[in-house]
Engineer: 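Have a look at this one before I ask anything.
Each chain gets a letter, A, B and so on, in the order its sequence line appears, and its residues count up from 1. Keep in mind that what you see is a predicted model, and the values were worked out from it rather than measured.
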Amino acid sequence: MPPDATAIVQAKALVEVEDLARDFDVSKPWLYRVLQGDRKRILKAVAGVSFDIPRGTTLSLVGESGCGKTTVARLVVGLYPPSRGRIRFDGVDMAGLASRAEAESLRKRINMIFQDPYASLNPRWRVRDIIAEPIRAFRLLTDEKAIQERVAELLTQVKLSPKDGEKYPHEFSGGQRQRISIARALSSTPEFLVCDEPTSALDVSVQAQILNLMKDLQAEMGLTYLFISHNLAVVRHMSDRIGVMYLGRIVELAPGETLFATPRHPYTRMLLDAIPDLDMTGRARTPVGGEVPSPIDPPPGCAFHPRCPLANARCRAEVPQLRPVADAQVACHAVEEGRTA
Amino acid sequence: MPLLEVKNLRVEFPTRRGTLTAVDDVSFHIDPGEVLGVVGESGAGKSITGAAIIRLIEPPGRIAGGQVILNGRRIDNIPLDEMRHVRGKQIGAIFQDPLTTLNPLYSIGRQLVETMQTHLALSDREARARAIRWLEEVGIPGAAQRVDAYPHQFSGGMRQRVVIALALCAEPNLVIADEPTTALDVSIQAQVIALLKRLCREHGTAIMLVTHDMGVIAETADRVAVMYAGRIAEIGPVRDVVKHARHPYTEGLMGSIPALTHKVARLTQIEGAMPRLTDIPPGCAFHPRCPKVFERCRVERPDLMPTDGPNLAACWLHAPARGAREVGHAA
Ligand SMILES: Nc1ncnc2c1ncn2[C@@H]1O[C@H](COP(=O)(O)OP(=O)(O)OP(=O)(O)O)[C@@H](O)[C@H]1O
Ligand SMILES: Nc1ncnc2c1ncn2[C@@H]1O[C@H](COP(=O)(O)OP(=O)(O)OP(=O)(O)O)[C@@H](O)[C@H]1O
Ligand code: SF4
Ligand code: SF4
Ligand SMILES: [Mg+2]
Ligand SMILES: [Mg+2]
C-alpha cells in the first residue's frame, strides 16, 4: 500500500454524523386538539447536528439540561430512528443496511453506557449473566466455559474480581455498578462506545476512578468515544474535541484546548464564565440572565438571542450555521461578522 | 461569640440490625455573617448534620448526644414548638428540591406573607409590600404581577429563588442551604449562588452551605468542613483546605476533581469507596483507603487536631511528638 493510501484510511472518521435531526410529537391527544382547536406541537429535540469522530479519539457533547445530548446518543446507537440526516459508521450508512445480519454485525461494534448504573442493570440477574448478555445475544461465543472465561477477563479489566460475577447488582456501590455497565458494554468488543453522563450520578472520588478506567481502556483497546456530560471540567479532561450544544444544535465545535483557551460562541463564553472552579483566582463572574427557552417554541433566528449580549436584528431573524474559524467551527453571526470583542 | 456552636453532635438511627451512627462526635462553629461550606461524599452525614441543627431528623432517628448552641442558647433540647419559632425566625432553610419547601396550593405571595407575619410584627399591607420587594430582590421579573402566582407557574430556577426569599424574609441570622443548586442547570446554578451570597452579605446572614460541588465552595465559603463517614475529617479556611489539604482524604478528593483551567493525564484516584455506616473500620475510618496509613491508624481513632497550618485535621500524621502519642494511646 502506498504511504498516502494509509493516510487516507486513517483520515476517514470512524463515525460521521451529518445533519442529524429528531422531532418528537408532543401534541395533546387528537380529539382534544380538535375540540380545543390546538395545533400539533412538535418538539425539535435535535435540529440538525453534524460531527465526525476519528478512530481512537473522544468527541464530547456538553450543554445544559434539555439541549438534546441524550437524544443524539440514542440516535447514534440506533435506539431512535432519525427524523432527518445520516449516520455513517466505518463508512457504512447505518440506515441503508439491507439485511438483518449486516445490521447486527455493525451493531455489535457499537455499545452504550448510561448515566444511571442502578436503572440500567437488571436487578434479578447475576452480574456474570448481565455481562454475558451481549455475548449471547450476538452469539459471539457459544461454549459456556469460554463465555465464563471471557466474563472473568472483563471483570478483571474493569478492576473487579472474577468472583463478583456471582453477585447481584444491589450488592455493589454506585461506582462498582458503573464498572459492571462498562464490562457489559465491552463484552461485544465494540470499537465505539457512546457514554451518556457515565459519572454524573457518582461522587467525585468515584468519578475519578471511572474516568481513569475509561481512559486506560481507550489507550489499551483503541476505543472511540462519544462522551456526553453537562460538566465542562469532566469534558475537558476526557476529550479530544468538544461540541457545545444549545437547544438541539451544536453552536461551537473545537479541539478541547482551543475551546478552553479561546471560546468563541457567546454561549460557550457564558458557560465557561458561569462555572465556579477550584482555581480561586477571585475572578469576577458575570452571571448571564435568563434561562434556556422551551424547545417547543424556540426563539426565531439564533435560539440564544434572548440571552445574548451581542444579539442584533439579524440574530433574531436568521439561524446561524456552523462555519469554520481557525481550527474551530462556530455558529454565530457576531463571530462571522467579527463583532465579538 | 460564635453565632452557632455545634459540640460533639451525635445522631443515631436505630434499625433492626442495631444502631447506626450517622453523625459521630461532630463539632464546629459558624461566626456571624460567615459562610461555612460542608462537603463530602454521598452518605458522609452532611444533610443529617444540617437537619439535626434545625431538629428535622425523622424519627426513629434522634440526636443521641452533644449540644447545638445558637446565640449562646442551647436549642437541641428546647420544646419542639419553641423550636418551630427558632426555625424561620433565626434559622432559615433551603433544600435541594424547591418543591419540598413550597406549598403547591398557596400563591408564593401568601407563603411569603405568612412566614413574615409568623415571625415579624407586620400588617397585611406591609407584609404584601415586603413580599413583592423580596421577589424583586431575588430577581423575579414582574414581581408585583407575579406575587399571586403559584409555584407550578415558575421554572426550577425561579422556584429556588422564591425559596431563597422565603428562607430570608423573616431575617434569620443563619441559613442552612442543603445542595441548593444541585437540581438546577449550570448557568442557573451560578445565578442562584451569586444571589444567595449577595443577599446574605447585605443582610449579615451566615450560611451553612452543604454541597458536592467543590467549585461552589471554593468561590463562596470562608471556611470549609470536609466530612467522611459521619465525622469531620478536616476543617479550616477554604483556601487552606482546597490548596493545602492536611488530611490525606481531602488531598485525594481535591486531586480527583478535574480542573477547568488545565488538563492532567490522570486524575488522582482514591482506591475503594467510603464504608457503609454498618461497617466503619476501627481506628481511622479512612485507613483502608489511605496511602499514608501506619500502625496507629488501624487501632486508634483520631480526633480533629491542630496541623502546621490553620486547618484542623483528624489524622495521626499531625499528632504531636512521639512521647505525647504514647500518652494518648494509654488514655
Ligand atoms: N421521547 C421523548 N418524547 C418527547 N420529548 C422528548 C423525548 N425525549 C426527549 N425529549 C425532549 O427533547 C429535548 C432534549 O432531551 P434530551 O434528553 O436529549 O436532553 P439532554 O441534553 O440529554 O438533557 P439532560 O442534560 O437533562 O439529560 C428535551 O426538551 C426533552 O424534553
Ligand atoms: N432515615 C434513615 N435511616 C437510616 N439511616 C439513615 C436515614 N437517613 C440517613 N441515614 C444515613 O445517614 C447517613 C448520612 O446521611 P446524609 O443524608 O446526611 O448524607 P449526605 O452526606 O447528606 O449525603 P448526600 O450527599 O447523598 O446527600 C447515610 O449513610 C444514610 O444512609
Ligand atoms: S448569532 Fe447573534 S444572538 Fe446568536 S450567539 Fe451569535 S451574536 Fe448572539
Ligand atoms: S490517621 Fe492514618 S489512615 Fe487516617 S488519614 Fe491519617 S494517615 Fe491516613
Ligand atoms: Mg441527558
Ligand atoms: Mg445530603
Engineer: Which bit of A/Leu232 is near chain B, if near means a heavy-atom gap under 4.5 Å: side chain, backbone, both or neither?
Structural biologist: both
Engineer: Taking all non-hydrogen atoms of both residues into account, name the closest pair between A/His237 and B/Ala265 and its distance.
Structural biologist: CE1-O, 3.9 Å
Engineer: Can you say whether A/Val234 sits under 4.5 Å from chain B via the side chain, the backbone, both, or neither, judging by heavy atoms?
Structural biologist: both
Engineer: Please report the shortest heavy-atom distance between A/Ala233 and B/Pro258, naming the atom on each side.
Structural biologist: CB-O, 3.4 Å
Engineer: Out of curiosity, B/Arg289 CZ to A/Ser205 OG, how far, rounded to the nearest 0.5 Å?
Structural biologist: 5.0 Å
Engineer: Show the numbers, then the answer: is there a side chain to side chain contact (heavy atoms under 4.5 Å, CB included) between B/Leu267 and A/Gln207?
Structural biologist: CA-CA 10 Å; B/Leu267 299 167; A/Gln207 165 171 283; 5.7 Å; no
Engineer: Could you tell me whether the side chain of B/Glu219 and the main chain of A/Ile275 form a donor-acceptor pair under 3.5 Å?
Structural biologist: no
Engineer: Among B/Leu253, B/Val39, B/Asp213, B/Ile270, which residue satisfies the side-chain contact (heavy atoms from CB on, under 4.5 Å) criterion with A/Val204?
Structural biologist: B/Leu253
Engineer: Looking at B/Gly40, B/Ser155, B/Gly272, B/Gly215, which one has more heavy-atom pairs under 4.5 Å with chain A than the rest?
Structural biologist: B/Gly215
Engineer: With heavy-atom distances below 4.5 Å as the criterion, would you say the side chains of B/Leu260 and A/Arg236 are in contact?
Structural biologist: no
Engineer: Out of B/Pro141, B/Ala273, B/Ala259, which one racks up the most heavy-atom pairs below 4.5 Å with chain A?
Structural biologist: B/Ala259
Engineer: Heavy-atom distances under 4.5 Å only: say whether B/Val242 touches chain A with side chain, backbone, both or neither.
Structural biologist: side chain
Engineer: Of the backbone (N, CA, C, O) and the side chain (C-beta and beyond), which part of B/Met274 lies under 4.5 Å from a heavy atom of chain A, both, or neither?
Structural biologist: neither
Engineer: Name the region of A/Ser239, side chain, backbone, both or neither, that has any atom closer than 4.5 Å to a heavy atom of chain B.
Structural biologist: backbone
Engineer: Quick one: which residues of residues 157-169 of chain A reach chain B at under 4.5 angstrom, heavy atoms only?
Structural biologist: none
Engineer: What part of A/Asn231 gets closer than 4.5 Å to chain B, counting heavy atoms only: side chain, backbone, both or neither?
Structural biologist: neither
Engineer: If you count the non-hydrogen atoms of other residues, nucleotides and ligands that lie under 6.0 Å from CZ in B/Arg276, is the total more than 12?
Structural biologist: no
Engineer: Does any backbone or side-chain atom of B/Thr268 lie under 4.5 Å from a heavy atom of chain A? Answer side chain, backbone, both or neither.
Structural biologist: backbone
